Amino acid sequence: MPELPEVETTRRGIRPHIEGQTLLGAVVRQRRLRWPVPAGLDRTVAGQRLLHVSRRAKYLLLELEQGTLLIHLGMSGSLRILPPETPAGAHDHLDLLFPDCLLRLRDPRRFGAVLWTREPVADHPLLRHLGPEPLGDTFDGAWLHQAAAGRRSAVKNLIMDGRVVVGVGNIYANEALFLSGILPSRASGRIARQRYDRLAGTIRQVLSAAIEQGGTTLRDFQQEDGRPGYFAQELRVYGREGQACPNCDAPILQRRIGQRSTFYCRYCQR
DNA sequence: AAATTCTCCTGAAGGC
DNA sequence: TGCCTTCAGGAGAATT
């Protein structure tokens with residue numbers, strides 16, 4: 001499932017192929033996603049130049065001359081640069097057509113989204129209330145600590161709350177908490193400022209490391225096999241129930257927090 | 001207001 | 001081998 005590093009890696013992979021190009025149009029084969037793909041998308045985008053490919057949280061933003069396409073990959077979405085006229089397969093929802101290539105969205109589980117807005121994209125309802133970027137300047141331990149004040153729910157839920165900080169999915173939440181030595185179930189408001197400094201640091205660390213790994217496996221996006229970046233990265237606890245903790249060799253435990261699988265070491269995390 | 005639950009969907013994995 | 005069940009998960013919406 002694409003987490004922030006996969007989305008950023010995708011952005012870096014597709015950008016050189018399409019930025020500055022003028023869209024010839026779009027082919028929508030399947031409108032059903034989280035929300036329906038906007039009607040008339042082909043006519044909307046045809047003839048517009050793609051000015052910039054950026055990212056906010058896990059949303060990819062394709063800024064055109066008269067508006068912005070927001071693309072979310074959900075759990076199973078992928079974007080590929082392909083030669084024009086490449087035959088489509090099952091679950092290929094959408095092609096954006098450029099003179100020398102096409103950008104294809106495939107999303108088997110349809111948790112993704114494609115939306116169009118003419119308004120300033122930062123004002124879009126889906127983006128308006130989002131918290132800081134984890135790799136940006138305003139995200140740090142002080143921010144987490146104030147966001148946690150008075151909250152009694154698990155710290156894992158706090159760092160996965162998009163209003164607090166964006167882009168921390170289940171895998172990297174588990175990893176960052178392990179590296180911080182913080183128990184995922186600990187009440188947010190009962191964690192010292194100093195520990196939040198460390199947590200902010202490990203969140204940055206796991207996300208940047210994954211982006212770097214993605215970058216190394218993604219030299220040529222056209223030939224990329226679509227492997228998610230976290231396969232390249234060594235995961236210390238996620239998906240490792242019963243296996244030895246990298247620190248102390250005790251078995252990694254699994255439980256559910258906020259409906260999500262949570263992995264941790266009961267000795268190394270407090 | 002904060003916290004929890006529900007919901008979308010389908011591929012993968014596990015059980016028999 | 002194959003059918004059936006269960007699970008996973010991003011994040012907005014609904015509910016408590």
Side-chain angles (χ1 to χ4, degrees), chain A residues 1-11 29-37 55-61 70-79 89-94 105-115 117 121 123-134 144-177 184-191 203 206-207 210 225-231 235 237-243 252 254-263:
Chain A
M1 57 304 304
E3 298 235 15
L4 185 140
E6 285 73 43
V7 178
E8 176 60 20
T9 297
T10 296
R11 185 185 77 83
R29 297 188 188 79
Q30 166 63 274
R31 289 188 58 196
R32 288 179 61 199
L33 283 174
R34 194 181 209 293
W35 299 281
V37 176
R55 178 186 62 74
R56 176 73 174 105
K58 292 180 187 171
Y59 291 91
L60 282 165
L61 308 177
L70 290 80
I71 300 178
H72 198 290
L73 299 178
M75 278 197 48
S76 59
S78 63
L79 284 170
H91 310 307
D92 285 337
H93 286 65
L94 166 74
L105 173 67
R106 170 180 298 188
D107 187 3
R109 296 190 191 179
R110 304 211 290 244
F111 279 21
V114 176
L115 297 168
T117 179
V121 73
D123 297 339
H124 193 279
L126 292 174
L127 305 188
R128 194 185 306 159
H129 302 293
L130 291 178
E133 290 287 329
L144 279 181
H145 187 247
Q146 65 82 29
R151 291 178 68 149
R152 276 165 292 184
S153 60
V155 61
K156 179 157 178 273
N157 292 336
L158 181 83
I159 63 175
M160 292 182 69
D161 183 340
R163 293 164 301 183
V164 174
V165 57
V166 302
V168 182
N170 195 38
I171 294 173
Y172 294 118
N174 280 293
E175 294 297 302
L177 287 165
S185 56
R186 181 164 295 281
S188 305
R190 304 251 176 170
I191 296 173
I203 288 173
V206 294
L207 293 176
D225 61 4
R227 272 193 324 158
Y230 50 79
F231 281 171
L235 296 179
V237 289
Y238 182 83
R240 299 177 57 94
E241 186 197 14
Q243 298 180 46
I252 297 297
Q254 174 177 13
R255 58 172 288 199
R256 293 187 81 76
I257 294 178
Q259 315 294 94
R260 291 291 176 260
S261 289
T262 303
F263 302 87

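All chains are named by letter (A, B, ...) in the order of the sequence lines, taking the proteins before the strands, and each is independently numbered beginning at 1. Predicted model, so just to flag it, every value in this text is computed and none were measured.
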- prompt: If you look at every strand shown and take non-hydrogen atoms under 4.0 Å, does A:R256 touch a base, only sugar-phosphate, or nothing?
  reply: sugar-phosphate
- request: Indicate yes or no for a side-chain donor-acceptor contact from A:S188 to the backbone of A:S153 under 3.5 Å, with no hydrogens or angles considered.
  value: yes
message: Over the length of the helix from B:dA2-C:dT16 to B:dC16-C:dG2, how much do the five-pair end axes diverge, rounded to 10 degrees?
response: 50°
query: Is there a side-chain polar atom (N or O) of A:H91 under 4.0 Å from OP1 or OP2 of B:dG11?
result: yes
If the condition is side chain to side chain contact (heavy atoms under 4.5 Å, CB included), which residues does [X] pass it with, not counting sequence neighbours?
{"X": "A:V165", "result": "A:P134, A:F139, A:V168"}
{"X": "A:R31", "result": "A:V28, A:P36, A:V37, A:A39"}
{"X": "A:Q254", "result": "A:E241, A:S261, A:F263"}
{"X": "A:R260", "result": "A:K156, A:N170"}

Applying salt bridge (Lys or Arg N to Asp or Glu O under 4.0 Å), name anything that partners [X], two or more places apart in sequence or on another chain.
{"X": "A:R29", "answer": "A:D95"}
{"X": "A:R106", "answer": "A:D92"}
{"X": "A:E8", "answer": "A:R11, A:R12, A:R55"}

task: If a protein heavy atom is under 4.0 Å from the base, mark B; if only from the sugar-phosphate, S; if neither, -; do that for nucleotides 11-16 of chain C going 5' to 3'.
output: BB----
- request: Could you check which residues of residues 147-154 of chain A get a heavy atom under 4.0 Å from DNA chain B? Sort them by number, please.
  value: A:R151, A:R152, A:S153
Rounded to the Å, how far apart are [X] [atom1] and [N] [atom2]?
{"X": "A:Q254", "N": "C:dC7", "atom1": "CD", "atom2": "P", "result": "11 Å"}
{"X": "A:M75", "N": "B:dC8", "atom1": "CE", "atom2": "P", "result": "16 Å"}
{"X": "A:H93", "N": "B:dC9", "atom1": "NE2", "atom2": "P", "result": "11 Å"}
{"X": "A:L33", "N": "B:dT10", "atom1": "CG", "atom2": "P", "result": "11 Å"}
{"X": "A:R31", "N": "B:dC9", "atom1": "CZ", "atom2": "P", "result": "15 Å"}
{"X": "A:Q259", "N": "B:dT5", "atom1": "CD", "atom2": "P", "result": "6 Å"}
{"X": "A:L60", "N": "C:dG10", "atom1": "CG", "atom2": "P", "result": "16 Å"}
{"X": "A:D107", "N": "B:dT10", "atom1": "CG", "atom2": "P", "result": "10 Å"}

Side-chain donor-acceptor distances from residues 71-79 of chain A under 3.5 Å, at least two apart:
residue	atom	partner	partner atom	Å
A:H72	ND1	A:G74	N	2.8
A:S76	OG	A:D107	OD1	2.6
A:S76	OG	A:R109	N	2.9

- line: Of the candidates C:dG10, B:dG11, B:dT5, the side chain of A:N170 sits closest to C:dG10
task: Tell me which nucleotide among B:dT4, B:dC9, C:dA8 gets nearest to the side chain of A:S261.
output: C:dA8
- prompt: So which of A:T117, A:L60, A:V114 actually passes side-chain contact (heavy atoms from CB on, under 4.5 Å) with A:L70?
  reply: A:T117
- prompt: Are A:V164 and A:I159 close enough that some pair of their side-chain heavy atoms sits under 4.5 Å apart?
  reply: no
message: Could you tell me if the side chain of A:L177 sits less than 4.5 Å from the side chain of A:T262, heavy atoms only?
response: no
For nucleotides 13-15 of chain B, give me every protein contact, N/O to N/O, under 3.5 Å, one pair per line with atom names.
none

task: In sequence, state the C-alpha distance, the side-chain angles, and the governing distance for A:R151 and A:D161, and then conclude on side-chain contact (heavy atoms from CB on, under 4.5 Å).
output: CA-CA 12 Å; A:R151 291 178 68 149; A:D161 183 340; 3.4 Å; yes
message: Within a 6.0 Å radius of atom CZ on A:R128, are there more than 12 heavy atoms belonging to other residues, nucleotides or ligands?
response: yes
